[in-house]
Enquirer: 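Mind having a look at this structure? Questions to follow.
Just so it is clear, the model here is predicted, and its values are computed rather than measured.
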Amino acid sequence: MRFDIKQIITATMVLFAVIDILGSIPIIISLRKKVGHIQSEKASVVAACIMVAFLFVGESILNLIGIDVNSFAVAGAFVIFFLAIEMILGITLYRDDEPESASIVPIAFPIIAGAGTMTSILSLRAEYAVENIVVAIILNIIFVYLVLKSSSKIERLLGKNGLNIIRKVFGVILLAIAVKLFATNINLLLTK
(Lines give C-alpha, C1' and ligand atoms only; values in the text may rest on other atoms or scores of the structure.)
Protein backbone atom coordinates (compact mmCIF):
# COMPACT_ATOMS: atom_id res chain seq x y z
CA MET A 1 0.00 0.00 0.00
CA ARG A 2 1.42 3.34 -1.09
CA PHE A 3 -0.80 5.93 0.57
CA ASP A 4 0.34 9.42 -0.38
CA ILE A 5 -1.43 12.48 1.04
CA LYS A 6 -0.48 14.64 -1.96
CA GLN A 7 -1.90 12.11 -4.42
CA ILE A 8 -5.07 11.71 -2.34
CA ILE A 9 -5.60 15.49 -2.18
CA THR A 10 -4.95 15.96 -5.90
CA ALA A 11 -7.19 13.05 -6.93
CA THR A 12 -9.90 14.26 -4.54
CA MET A 13 -9.77 17.77 -6.03
CA VAL A 14 -9.89 16.42 -9.60
CA LEU A 15 -12.91 14.25 -8.87
CA PHE A 16 -14.57 17.02 -6.85
CA ALA A 17 -14.23 19.39 -9.79
CA VAL A 18 -15.39 16.85 -12.39
CA ILE A 19 -18.34 15.55 -10.36
CA ASP A 20 -19.28 19.20 -9.68
CA ILE A 21 -22.00 18.26 -7.20
CA LEU A 22 -22.29 21.88 -6.03
CA GLY A 23 -22.92 22.98 -9.61
CA SER A 24 -25.56 20.25 -9.88
CA ILE A 25 -27.56 21.58 -6.92
CA PRO A 26 -30.09 23.38 -9.18
CA ILE A 27 -30.74 20.09 -11.05
CA ILE A 28 -31.01 18.17 -7.78
CA ILE A 29 -33.46 20.72 -6.35
CA SER A 30 -35.63 20.65 -9.47
CA LEU A 31 -35.65 16.82 -9.33
CA ARG A 32 -36.61 16.95 -5.66
CA LYS A 33 -39.48 19.32 -6.51
CA LYS A 34 -40.72 17.04 -9.32
CA VAL A 35 -40.65 13.71 -7.47
CA GLY A 36 -40.54 14.69 -3.81
CA HIS A 37 -37.69 12.60 -2.39
CA ILE A 38 -34.21 11.69 -3.59
CA GLN A 39 -32.65 8.53 -2.17
CA SER A 40 -29.30 10.09 -1.21
CA GLU A 41 -27.87 6.93 0.36
CA LYS A 42 -28.65 4.64 -2.57
CA ALA A 43 -27.50 7.19 -5.16
CA SER A 44 -24.19 7.69 -3.30
CA VAL A 45 -23.51 3.96 -2.82
CA VAL A 46 -24.35 3.10 -6.44
CA ALA A 47 -22.13 5.96 -7.72
CA ALA A 48 -19.26 4.78 -5.49
CA CYS A 49 -19.62 1.20 -6.75
CA ILE A 50 -19.66 2.36 -10.38
CA MET A 51 -16.52 4.47 -9.89
CA VAL A 52 -14.54 1.83 -7.97
CA ALA A 53 -15.56 -0.89 -10.44
CA PHE A 54 -14.47 1.29 -13.37
CA LEU A 55 -11.18 2.01 -11.61
CA PHE A 56 -10.39 -1.72 -11.52
CA VAL A 57 -12.11 -2.99 -14.68
CA GLY A 58 -11.71 0.06 -16.92
CA GLU A 59 -8.09 -0.70 -17.80
CA SER A 60 -9.00 -4.29 -18.73
CA ILE A 61 -11.73 -3.01 -21.03
CA LEU A 62 -9.21 -0.68 -22.66
CA ASN A 63 -6.70 -3.53 -23.08
CA LEU A 64 -9.42 -5.63 -24.65
CA ILE A 65 -9.90 -3.01 -27.38
CA GLY A 66 -6.16 -2.31 -27.67
CA ILE A 67 -5.79 1.08 -25.97
CA ASP A 68 -3.18 1.76 -23.27
CA VAL A 69 -3.92 3.87 -20.18
CA ASN A 70 -1.60 6.70 -21.28
CA SER A 71 -3.45 7.12 -24.59
CA PHE A 72 -6.75 7.10 -22.73
CA ALA A 73 -5.37 9.67 -20.27
CA VAL A 74 -4.48 11.99 -23.18
CA ALA A 75 -8.02 11.61 -24.53
CA GLY A 76 -9.32 12.12 -20.99
CA ALA A 77 -7.31 15.32 -20.70
CA PHE A 78 -9.28 16.69 -23.66
CA VAL A 79 -12.61 15.73 -22.03
CA ILE A 80 -11.54 17.34 -18.73
CA PHE A 81 -10.36 20.41 -20.67
CA PHE A 82 -13.80 20.84 -22.26
CA LEU A 83 -15.54 20.27 -18.91
CA ALA A 84 -13.35 23.03 -17.44
CA ILE A 85 -14.14 25.39 -20.32
CA GLU A 86 -17.83 24.67 -19.77
CA MET A 87 -17.51 25.48 -16.06
CA ILE A 88 -15.50 28.68 -16.60
CA LEU A 89 -17.59 30.10 -19.44
CA GLY A 90 -20.96 28.90 -18.14
CA ILE A 91 -21.87 27.16 -21.39
CA THR A 92 -23.17 23.64 -22.00
CA LEU A 93 -21.08 21.48 -24.30
CA TYR A 94 -21.01 18.14 -22.59
CA ARG A 95 -23.76 17.23 -20.14
CA ASP A 96 -26.96 15.40 -20.98
CA ASP A 97 -30.33 17.07 -20.61
CA GLU A 98 -31.84 17.30 -17.18
CA PRO A 99 -33.18 13.89 -16.15
CA GLU A 100 -36.96 13.52 -15.80
CA SER A 101 -37.04 11.38 -12.67
CA ALA A 102 -35.03 11.17 -9.46
CA SER A 103 -34.31 7.45 -9.39
CA ILE A 104 -30.84 6.08 -8.73
CA VAL A 105 -29.97 6.01 -12.43
CA PRO A 106 -30.18 9.76 -13.19
CA ILE A 107 -28.52 10.80 -9.92
CA ALA A 108 -25.86 8.09 -9.57
CA PHE A 109 -24.91 7.66 -13.20
CA PRO A 110 -25.29 10.80 -15.29
CA ILE A 111 -24.89 13.35 -12.50
CA ILE A 112 -22.34 11.83 -10.09
CA ALA A 113 -20.53 9.06 -12.00
CA GLY A 114 -20.84 10.32 -15.55
CA ALA A 115 -18.54 10.08 -18.54
CA GLY A 116 -16.27 12.87 -17.28
CA THR A 117 -15.84 11.11 -13.94
CA MET A 118 -15.02 7.77 -15.60
CA THR A 119 -12.50 9.42 -17.90
CA SER A 120 -10.91 11.23 -14.97
CA ILE A 121 -10.64 8.03 -12.92
CA LEU A 122 -8.71 6.23 -15.67
CA SER A 123 -6.62 9.32 -16.37
CA LEU A 124 -5.70 9.51 -12.67
CA ARG A 125 -4.89 5.80 -12.73
CA ALA A 126 -2.17 6.52 -15.27
CA GLU A 127 -0.38 8.72 -12.71
CA TYR A 128 -1.45 7.76 -9.18
CA ALA A 129 -1.59 4.64 -7.00
CA VAL A 130 -4.96 2.87 -7.01
CA GLU A 131 -5.40 3.02 -3.23
CA ASN A 132 -5.04 6.83 -3.28
CA ILE A 133 -7.72 7.08 -5.98
CA VAL A 134 -10.04 4.80 -3.95
CA VAL A 135 -9.61 7.09 -0.92
CA ALA A 136 -10.35 10.10 -3.16
CA ILE A 137 -13.52 8.40 -4.46
CA ILE A 138 -14.67 7.64 -0.91
CA LEU A 139 -14.03 11.23 0.24
CA ASN A 140 -15.97 12.57 -2.75
CA ILE A 141 -18.88 10.19 -2.19
CA ILE A 142 -19.12 11.27 1.45
CA PHE A 143 -19.22 14.90 0.29
CA VAL A 144 -21.76 14.06 -2.45
CA TYR A 145 -23.97 12.32 0.12
CA LEU A 146 -23.85 15.35 2.44
CA VAL A 147 -24.67 17.70 -0.45
CA LEU A 148 -27.58 15.52 -1.61
CA LYS A 149 -28.95 15.43 1.94
CA SER A 150 -28.72 19.20 2.43
CA SER A 151 -28.97 20.61 -1.12
CA SER A 152 -31.73 23.12 -0.37
CA LYS A 153 -29.82 24.48 2.67
CA ILE A 154 -26.64 24.84 0.59
CA GLU A 155 -28.50 26.66 -2.17
CA ARG A 156 -29.93 29.14 0.36
CA LEU A 157 -26.54 29.58 2.06
CA LEU A 158 -24.39 30.12 -1.06
CA GLY A 159 -26.99 31.63 -3.37
CA LYS A 160 -26.79 31.52 -7.14
CA ASN A 161 -23.71 33.81 -7.27
CA GLY A 162 -21.84 31.74 -4.68
CA LEU A 163 -22.45 28.54 -6.64
CA ASN A 164 -21.29 30.25 -9.86
CA ILE A 165 -18.07 31.47 -8.20
CA ILE A 166 -17.28 27.98 -6.85
CA ARG A 167 -17.96 26.47 -10.25
CA LYS A 168 -15.61 28.94 -12.03
CA VAL A 169 -12.80 28.48 -9.48
CA PHE A 170 -12.96 24.70 -9.86
CA GLY A 171 -13.15 25.14 -13.63
CA VAL A 172 -9.77 26.91 -13.60
CA ILE A 173 -8.30 24.20 -11.34
CA LEU A 174 -9.67 21.53 -13.67
CA LEU A 175 -8.19 23.31 -16.69
CA ALA A 176 -4.73 23.26 -15.08
CA ILE A 177 -5.14 19.57 -14.22
CA ALA A 178 -6.13 18.78 -17.84
CA VAL A 179 -2.99 20.51 -19.11
CA LYS A 180 -0.83 18.58 -16.61
CA LEU A 181 -2.45 15.24 -17.52
CA PHE A 182 -1.96 15.93 -21.21
CA ALA A 183 1.68 17.01 -20.84
CA THR A 184 2.67 14.07 -18.60
CA ASN A 185 0.97 11.37 -20.68
CA ILE A 186 1.93 12.74 -24.09
CA ASN A 187 5.57 12.73 -22.95
CA LEU A 188 5.21 9.09 -21.82
CA LEU A 189 3.69 8.15 -25.18
CA LEU A 190 6.41 9.95 -27.14
CA THR A 191 9.21 8.25 -25.20
CA LYS A 192 7.80 4.73 -25.80
Enquirer: Quick one: do the Ser151 and Arg32 side chains pair a donor with an acceptor below 3.5 Å?
Expert: yes

Enquirer: What's the spacing between Ile137 CD1 and Ile142 CD1 if we round to 0.5 Å?
Expert: 12.0 Å

Enquirer: Could you measure the distance from the CG atom of Leu158 to the CG atom of Asn164? Nearest 0.5 Å is fine.
Expert: 10.5 Å

Enquirer: Are Val179 and Ile80 connected in a single hydrophobic cluster, I mean Ile/Leu/Val/Met/Phe/Trp/Tyr linked by side-chain heavy atoms less than 4.5 Å apart?
Expert: no

Enquirer: Rounded to the nearest 0.5 Å, what separation is found between the CD atom of Glu86 and the CG atom of Leu174?
Expert: 10.5 Å

Enquirer: Consider only side-chain heavy atoms of I, L, V, M, F, W and Y, link residues closer than 4.5 Å, and tell whether Leu64 and Met118 are in one cluster.
Expert: no

Enquirer: Taking all non-hydrogen atoms of both residues, which atom of Lys168 and which atom of Ile88 are closest, and how far apart?
Expert: NZ-O, 2.9 Å

Enquirer: Show the numbers, then the answer: is there a side-chain contact (heavy atoms from CB on, under 4.5 Å) between Ile8 and Leu139?
Expert: CA-CA 9 Å; Ile8 291 170; Leu139 291 174; 4.0 Å; yes

Enquirer: Thr191 and Leu188: which non-hydrogen atoms are nearest, and at how many Å?
Expert: OG1-O, 3.1 Å

Enquirer: Determine, step by step, whether Phe72 and Thr119 satisfy the side-chain contact (heavy atoms from CB on, under 4.5 Å) criterion, reporting the C-alpha distance in whole Å, the side-chain angles of both residues, the deciding distance to 0.1 Å, and the verdict.
Expert: CA-CA 8 Å; Phe72 191 82; Thr119 304; 4.3 Å; yes

Enquirer: Examine Phe78 together with Phe182 and report whether their ring centres are nearer than 6.0 Å.
Expert: yes

Enquirer: State, to 0.1 Å, how close Glu127 and Gln7 come at their nearest heavy-atom pair, and which atoms those are.
Expert: O-NE2, 4.4 Å

Enquirer: Is it true that Ile38 and Ile19 fall in one hydrophobic cluster, defined by side-chain heavy atoms closer than 4.5 Å?
Expert: yes

Enquirer: Quick one: CG on Leu122 to CG on Leu55, what's the gap to the nearest 0.5 Å?
Expert: 7.5 Å

Enquirer: For the atom pair OG (Ser24) and CG (Leu148), what is the distance rounded to the nearest 0.5 Å?
Expert: 9.0 Å

Enquirer: Which atom pair, heavy atoms only, marks the closest approach of Tyr128 to Ile133?
Expert: O-CD1, 3.9 Å

Enquirer: For the hydrophobic clusters of this structure (ILVMFWY residues joined by side-chain heavy atoms under 4.5 Å, transitively), does one cluster hold both Leu175 and Ile91?
Expert: yes

Enquirer: Would the distance check show the side chain of Asn187 and the main-chain N or O of Ala183 forming a donor-acceptor pair, the cut-off being under 3.5 Å?
Expert: yes

Enquirer: Check whether the side chains of Ser71 and Asp68 place a donor and an acceptor atom closer than 3.5 Å, and report yes or no.
Expert: yes

Enquirer: Walk me through whether Thr12 and Phe143 qualify under side-chain contact (heavy atoms from CB on, under 4.5 Å).
Expert: CA-CA 11 Å; Thr12 301; Phe143 186 74; over 6 Å; no

Enquirer: Following the transitive rule for hydrophobic clusters with a side-chain heavy-atom cut-off under 4.5 Å over Ile, Leu, Val, Met, Phe, Trp and Tyr, establish whether Leu190 and Val74 coincide in one cluster.
Expert: yes

Enquirer: Going by distance alone, is a donor N or O of one side chain under 3.5 Å from an acceptor N or O of the other, for Asn70 and Asn185?
Expert: yes

Enquirer: Taking all atoms of both residues into account, what is the closest heavy-atom pair of Ala47 and Ala113, and its distance?
Expert: O-CB, 4.1 Å

Enquirer: Without swapping roles, check the side chain of Arg167 against the backbone of Asp20 for a donor-acceptor pair under 3.5 Å.
Expert: no

Enquirer: Ala126 and Ala73: which non-hydrogen atoms are nearest, and at how many Å?
Expert: CB-CB, 4.0 Å

Enquirer: When you measure from the side chain of Glu131 to the backbone of Arg2, do you find a donor-acceptor pair of N or O atoms at a distance under 3.5 Å?
Expert: yes

Enquirer: What is the distance from atom CD1 of Ile50 to atom CZ of Phe54, rounded to the nearest 0.5 Å?
Expert: 11.0 Å

Enquirer: Is the shortest distance from a Lys or Arg side-chain nitrogen in Lys160 or Glu155 to a carboxylate oxygen in the other one below 4.0 Å?
Expert: no

Enquirer: Among Val45, Leu15, Ile112, exactly one meets side-chain contact (heavy atoms from CB on, under 4.5 Å) together with Ile141. Which residue is that?
Expert: Ile112

Enquirer: Are side-chain heavy atoms of Asn63 and Val69 found at a separation under 4.5 Å?
Expert: no

